[in-house]
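So the structure is just underneath, and the comments pick up after that.
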Amino acid sequence: MKEIDYGKIGMRIRQVRKVKGWSQDALAKKCGISMSFLGHIERGTRIMSLETFASICEALDAGADELLWGVANPSDSMLDVWDTADKKIERKEKDSYAMYVRIMKSVAEIMNEA
């Protein structure tokens, strides 16, 4: 299993935030956390809850894999499976489900390491 590097996660959060042109304060407000705490997250000096991580992913419109491991997108084959399984699911719902699945897989991996 991969070891979680909170410094790298924080660096990726900072990179995505800056690409969007947002200040720390703007992202912190979107996530309901303090700017100080976001600064600690970006430096990797504090560990965030799963709820805070999910909130950051949603605010940045970034996948959990992207922020955890630097993997930008789910595989195309996985998206094809979802499309085939249920054509009625709208793209936004699919993206939310994909984020949920990625977060839960990451949590399961962490729990298996303990």
Side-chain angles (χ1 to χ4, degrees):
M1 295 290 156
K2 293 181 183 178
E3 185 173 323
I4 295 176
D5 185 331
Y6 293 99
K8 286 183 180 178
I9 293 169
M11 176 193 68
R12 291 182 193 111
I13 290 170
R14 180 182 299 119
Q15 287 173 339
V16 174
R17 175 181 60 77
K18 286 187 174 188
V19 165
K20 293 187 175 288
W22 295 352
S23 65
Q24 279 186 331
D25 188 50
L27 178 57
K29 285 179 181 174
K30 288 178 185 286
C31 297
I33 60 175
S34 72
M35 189 173 74
S36 173
F37 184 47
L38 179 60
H40 280 287
I41 291 169
E42 288 186 353
R43 289 188 301 278
T45 57
R46 298 264 311 268
I47 298 173
M48 68 194 117
S49 69
L50 182 58
E51 290 82 8
T52 298
F53 180 68
S55 178
I56 290 171
C57 289
E58 184 176 350
L60 292 173
D61 193 27
D65 284 347
E66 178 181 358
L67 298 180
L68 284 172
W69 316 117
V71 177
N73 294 310
S75 70
D76 289 339
S77 62
M78 184 58 105
L79 291 176
D80 291 341
V81 168
W82 290 330
D83 286 339
T84 303
D86 189 357
K87 294 283 186 185
K88 296 179 183 177
I89 297 175
E90 294 183 12
R91 183 72 182 168
K92 185 173 179 96
E93 291 173 327
K94 207 176 342 176
D95 290 345
S96 296
Y97 180 74
M99 181 187 309
Y100 172 79
V101 169
R102 290 192 302 264
I103 290 170
M104 295 313 297
K105 283 182 180 178
S106 296
V107 169
E109 288 177 12
I110 292 167
M111 297 302 290
N112 286 335
E113 291 177 10

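Scanning all heavy atoms of the two residues, the minimum distance from Val107 to Leu50 falls at CG2-CD2, 3.5 Å. Nearest heavy-atom pair across Ala28 and Leu38 is N-CD2, 3.8 Å. The minimum heavy-atom distance linking Cys57 with Ala64 is given by the pair SG-CA, 3.8 Å. Nearest approach of Phe37 to Met48, heavy atoms of both residues: CZ-CA, 4.0 Å. Closest heavy-atom contact between His40 and Thr45: ND1-OG1, 2.7 Å.
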Taking it one step at a time, do Glu58 and Lys30 satisfy side chain to side chain contact (heavy atoms under 4.5 Å, CB included)?
CA-CA 9 Å; Glu58 184 176 350; Lys30 288 178 185 286; over 6 Å; no
**OP:** Show your working on side chain to side chain contact (heavy atoms under 4.5 Å, CB included) between Ile47 and Ile4 and close with a plain yes or no.
**Re:** CA-CA 11 Å; Ile47 298 173; Ile4 295 176; over 6 Å; no
- Message: Does Ile41 form a side chain to side chain contact (heavy atoms under 4.5 Å, CB included) with Phe53? I'd like the steps, not just the answer.
- Response: CA-CA 10 Å; Ile41 291 169; Phe53 180 68; over 6 Å; no
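Distance check, rounded to the nearest 0.5 Å: CD1 of Ile56 to CD1 of Ile13 gives 4.5 Å. If you take CG on Leu68 and NZ on Lys105, they are separated by 13.0 Å, rounding to the nearest 0.5 Å. Atom-to-atom distance recorded for Ser34:OG and Gln24:CD is 10.0 Å, nearest 0.5 angstrom. With values rounded to the nearest 0.5 angstrom, Cys31 atom SG is found 5.5 Å from Ile33 atom CD1.
For the pair Arg17 and Glu42, the salt-bridge criterion is met [side-chain N within less than 4.0 Å of a carboxylate O].
For Lys8, the side chain to side chain contact (heavy atoms under 4.5 Å, CB included) test picks out Asp5, Arg12, with sequence neighbours left out.
Note: the hydrophobic cluster containing Trp22 also contains Val16 (ILVMFWY, side chain heavy atoms under 4.5 Å, direct or indirect links).
When only modelled atom types and interatomic distance are considered, Ser55 and Thr52 share no side-chain donor-acceptor pair under 3.5 Å.
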